[in-house]
Amino acid sequence: MENRQPVIKAENMVKKFGAFVANDHLNFEVYQGEIFGFLGANGAGKTTAIRILCGLSTPTSGNITVGGFDIYRETELIKKNIGYMSQKFSLYEDLTVSENIRLYGGIYGIPWRRRKEKEKELLRKLELEEARNKLIAGLPLGWKQKLAFSVAILHDPAIVFLDEPTGGVDPITRRKFWDLIYEAADRGITVFVTTHYMDEAEYCSRVSIMDAGRIEALDTPENLKKQYNARNMDEVFVKISRK
Amino acid sequence: MKTLLYILQKEFRQILRNRTILPMIVVVPLIQLLVLVYAATFELKKIEMTVVDRDLSPASRGMVTLFNGIPFFRVDGNVAHEKAGEELLLKGQTDVVLVIPAGFEKSLMREDQAQVQLLIDAIDGNTAQLIYTYCNSILFNYNKQIIANWKGLPDFNPPTEVVVTENYWFNPELDYKWFMAPGILSILVTIIGMFLSGMNLVREKEYGTIEQLNVTPVKKYQFILGKLIPFWLIALFDLALGLGIARILFDLPLTGSLPLLFGFAGVYLISALGLGLFISTITDTQQQVMFVTFFFMMLFILMGGIFTPVESMPQWAQLINHLNPISYFMRIMRMIILKGSGFSDLLEEFISLVILGVLFLSLAIWRYRKTA
């Protein structure tokens with residue numbers, strides 16, 4: 001926030017699936033080091049947008065840069081500089097914790113020695129040392145999510161994209177997950193996170209609220225609450241959605 | 001390069017942990033060789049023959065006895081009428097009906113010639129041909145006997161008789177298993193390679209794990225090679241296993257050079273796996289991969305010359321076969337294993353397989369999309 005350098009810039013981002021417009025002229029900038037919350041109901045177009053920014057999908061039109069790279073021409077450069085955690089858990093369930101870390105460390109070209117250190121630190125932080133040689137399939141969902149996040153930022157990317165990272169777990173586990181997000185943001189990683197939990201919206205530096213493919217509001221949680229004369233983000237969200 | 005090694009490590013780990021794949025790799029070749037090679041045979045072991053003897057003379061009985069004496073003829077009863085014989089033929093209860101007309105012996109004595117009729121079930125043209133040939137040669141022997149017995153001459157042996165002696169090259173005993181085993185083996189490595197690699201790739205789509213890889217800077221060719229190499233090795237391993245089993249069970253000769261055979265198999269498998277992987281890049285579920293792969297495989301196998309020689313197919317079919325990697329490989333297998341052909345004899349097949357391999361693999365890499 002201190003550094004007003006945009007790391008993601010979207011101008012008139014449009015994505016159509018046939019006649020259906022999933023993203024309708026989205027305009028936003030995300031600044032380095034902030035936690036940018038991307039809010040909206042199910043089907044509002046959050047996942048579509050995040051997939052475009054990660055290079056998993058191509059937009060129909062619009063000027064978009066991620067990490068300073070053009071989304072049409074420099075997808076592979078973007079991929080070196082971002083991390084991504086999808087809605088659906090997508091590490092290999094038939095590999096162990098340690099083997100997954102090794103695979104992604106290897107793919108991102110982290111040197112062997114450095115990877116060993118990172119793995120050790122990561123396992124200690126997540127308290128997964130005991131489980132390092134266990135297959136991921138057997139881990140509880142909360143652990144899987146924390147592990148997926150840690151693997152997504154293993155290579156110290158400039159930006160990490162989290163698509164509903166805390167779906168289906170209890171509030172305590174969600175709280176702990178957000179501790180990890182703060183820690184990453186402190187290290188200078190920009191966090192782009194979609195969610196429909198409004199309590200999580202309060203943790204963000206700025207939030208945008210999407211409805212039916214459009215961005216209806218974009219500001220800090222404080223300003224939004226003032227603007228909509230609401231006590232919390234939940235009320236803000238309801239007011240916007242009912243418009 | 002290093003990235004590829006990490007991907008390969010991951011693939012091998014997953015394969016070794018998979019409880020379906022491992023047994024398949026060992027059990028499939030065993031079953032296929034044991035069952036298919038024995039079952040898919042053209043050899044005639046038993047011919048059911050029905051006789052309509054309307055003459056009931058020593059001459060006619062002599063003829064029937066002669067048929068009876070041949071081990072694979074089972075002369076099954078006598079019926080009185082052609083009609084009854086035809087009935088049996090219609091019901092499929094007999095393979096051939098021999099009709100000896102009334103007055104057969106008389107005609108033979110008086111006119112020095114007589115006629116019999118053979119009705120052969122020709123649903124399977126190959127078998128009918130064989131039955132006809134057998135019957136013909138038996139009747140020829142009967143003729144010789146008659147001439148010897150009745151005319152009182154010693155065994156009929158004209159001084160200038162042309163004697164045909166057969167010498168079957170490359171498969172002297174005409175062992176059908178020797179012909180089938182290389183064919184079955186080429187199908188086996190194709191199934192193992194094509195199915196496993198294609199299913200494996202599309203499984204990552206189904207599980208969503210491919211997304212996590214697609215957001216990394218992994219190169220398309222690295223990903224495809226990561227899917228190709230493990231199953232390429234497994235298919236080659238299965239070829240070795242299958243050859244070993246065939247050697248022990250059928251005494252299959254390995255006339256040509258083994259390194260050459262495996263070299264060709266390696267080139268062939270790149271095209272087969274490339275096609276399998278290409279199919280998996282254009283489909284989304286394992287079911288779809290199964291269906292599409294199955295379609296191509298049936299087409300390729302049946303057109304590839306497992307049962308019928310490619311040379312006797314119509315022109316258009318032979319043209320299609322230029323794009324059929326299995327047809328090259330089946331020929332190569334038989335030529336190296338049975339005939340001992342060398343590289344220079346198979347140069348044309350080699351060039352074709354290289355072209356197909358490059359084509360299919362490039363298609364797979366090109367069509368694999370990191371962006372949906």
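The model shown is predicted, which means the values in this text are computed figures rather than measured ones.
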Undergrad: Are there over 12 heavy-atom neighbours, none belonging to B/Tyr207, within less than 6.0 Å of that residue's OH?
TA: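 Not buried by this count: 12 neighbours or fewer within 6.0 Å.
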Undergrad: Considering non-hydrogen atoms only, spot the tightest contact between A/Ser90 and B/Gly208 and give its length.
TA: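 Reported closest heavy-atom pair: CB-O, 3.3 Å.
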Undergrad: For A/Phe161, which atoms come within 4.5 Å of any heavy atom of chain B: side chain, backbone, both, or neither?
TA: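 Neither part, no heavy atoms under 4.5 Å.
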Undergrad: Between B/Glu211 and A/Lys88, does the side-chain contact (heavy atoms from CB on, under 4.5 Å) criterion hold? Intermediate values first, please.
TA: CA-CA 10 Å; B/Glu211 292 236 308; A/Lys88 195 175 164 200; over 6 Å; no
Undergrad: Check each atom of A/Arg102 against the heavy atoms of chain B and say whether the ones under 4.5 Å are side chain, backbone, both or neither.
TA: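 For A/Arg102, heavy atoms of backbone and side chain both lie under 4.5 Å from chain B.
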Undergrad: Side chain from CB out, backbone as N, CA, C, O: work out which of these in B/Leu5 comes under 4.5 Å of a heavy atom of chain A, or both, or neither.
TA: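 For B/Leu5, neither part sits under 4.5 Å from chain A.
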Undergrad: Please say whether more than 12 non-hydrogen atoms of neighbouring residues, nucleotides or ligands are located less than 6.0 Å from OH in A/Tyr182.
TA: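 Check passes, neighbour count above 12.
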Undergrad: Flag the pair A/Glu99 and B/Lys10 as a salt bridge only when some basic side-chain nitrogen lies within less than 4.0 angstrom of an acidic carboxylate oxygen.
TA: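 No salt bridge links A/Glu99 with B/Lys10.
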Undergrad: Would you name the heavy atoms of B/Val215 and A/Tyr108 that are closest together and state the gap between them?
TA: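 Smallest heavy-atom distance, with atoms named: O-OH, 3.9 Å.
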Undergrad: Quick check: under 4.5 Å, non-hydrogen atoms only, which of residues 52-64 of chain A neighbour chain B?
TA: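 Result: A/Cys54, A/Gly55, A/Leu56, A/Ser57, A/Thr58.
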Undergrad: As an exercise: rank B/Leu213, B/Thr216, B/Ile7 by heavy-atom pairs under 4.5 Å with chain A and give me the winner.
TA: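 Winner by heavy-atom pair count: B/Thr216.
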Undergrad: Return each pair, listed once, that meets salt bridge (Lys or Arg N to Asp or Glu O under 4.0 Å) where at least one residue sits in residues 355-372 of chain B; pairs must be two or more places apart or across chains.
TA: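 Non-adjacent pairs meeting salt bridge (Lys or Arg N to Asp or Glu O under 4.0 Å): A/Glu76-B/Lys370.
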Undergrad: Which one wins on heavy-atom pair count under 4.5 Å against chain A: B/Val218, B/Thr209, B/Thr3?
TA: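 Option with the greatest count: B/Thr209.
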Undergrad: Quick one: which residues of residues 187-196 of chain A reach chain B at under 4.5 angstrom, heavy atoms only?
TA: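 Within residues 187-196 of chain A, near chain B: nothing under 4.5 Å.
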Undergrad: Please classify the contact of B/Glu204 with chain A as side chain, backbone, both or neither, using a heavy-atom distance under 4.5 Å.
TA: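 Side chain only.
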Undergrad: Would you compute the distance between atom CG of B/Asn214 and atom NZ of A/Lys79 and round it to the nearest 0.5 angstrom?
TA: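 Rounded to the nearest 0.5 Å, the CG-NZ separation comes to 6.0 Å.
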Undergrad: Does atom NZ (A/Lys176) have a neighbourhood of more than 12 heavy atoms from anything else shown, all under 6.0 Å?
TA: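 No, because the 6.0 Å sphere around NZ of A/Lys176 holds 12 heavy atoms or fewer from other groups.
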Undergrad: Tell me, out of A/Gly105, A/Ser86, A/Gly106, who's got the most heavy-atom pairs with chain B below 4.5 Å.
TA: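 Winner by heavy-atom pair count: A/Gly106.
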Undergrad: Say you draw a straight line from CG of A/Leu91 to CD of B/Gln212; how long is it, rounded to the nearest 0.5 Å?
TA: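 The distance works out to 6.0 Å.
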Undergrad: Nearest 0.5 Å, please: how far is CG in A/Leu103 from CZ in B/Arg13?
TA: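 It comes to 9.5 Å.
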Undergrad: Would one find more than 12 heavy atoms of other residues, nucleotides or ligands at under 6.0 Å from atom CD of B/Gln287?
TA: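 Not more than 12 within 6.0 Å, no.
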Undergrad: How long is the gap from OH on A/Tyr92 to CD on B/Glu11, to the nearest 0.5 Å?
TA: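 CD of B/Glu11 is found 6.5 Å from OH of A/Tyr92.
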Undergrad: Do other residues, nucleotides or ligands put more than 12 heavy atoms under 6.0 Å from the NZ atom of A/Lys80?
TA: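 Counting neighbours around NZ of A/Lys80, 12 or fewer heavy atoms of other residues, nucleotides or ligands fall under 6.0 Å, so no.
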Undergrad: What residues of residues 113-135 of chain A sit under 4.5 Å from chain B when you count only heavy atoms?
TA: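 Near chain B, by residue number: A/Arg115, A/Leu135.
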Undergrad: So for atom NZ, which belongs to B/Lys205, do other residues, nucleotides or ligands contribute more than 12 heavy atoms lying within a distance under 6.0 Å?
TA: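 Atom NZ in B/Lys205 is crowded, with more than 12 foreign heavy atoms closer than 6.0 Å.
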Undergrad: Measure the spacing between CG of A/Asp94 and CD of B/Gln14 and express it to the nearest 0.5 Å.
TA: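 Answer rounded to 0.5 Å: 4.0 Å.
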Undergrad: Dump the intermediate steps for side-chain contact (heavy atoms from CB on, under 4.5 Å) on A/Ile107 and B/Gln222, then the final yes or no.
TA: CA-CA 10 Å; A/Ile107 288 178; B/Gln222 291 169 333; over 6 Å; no
Undergrad: Considering residues, nucleotides and ligands other than B/Phe12, do more than 12 of their heavy atoms fall under 6.0 Å from its CZ?
TA: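 Counting other residues, nucleotides and ligands, CZ of B/Phe12 exceeds 12 neighbours.
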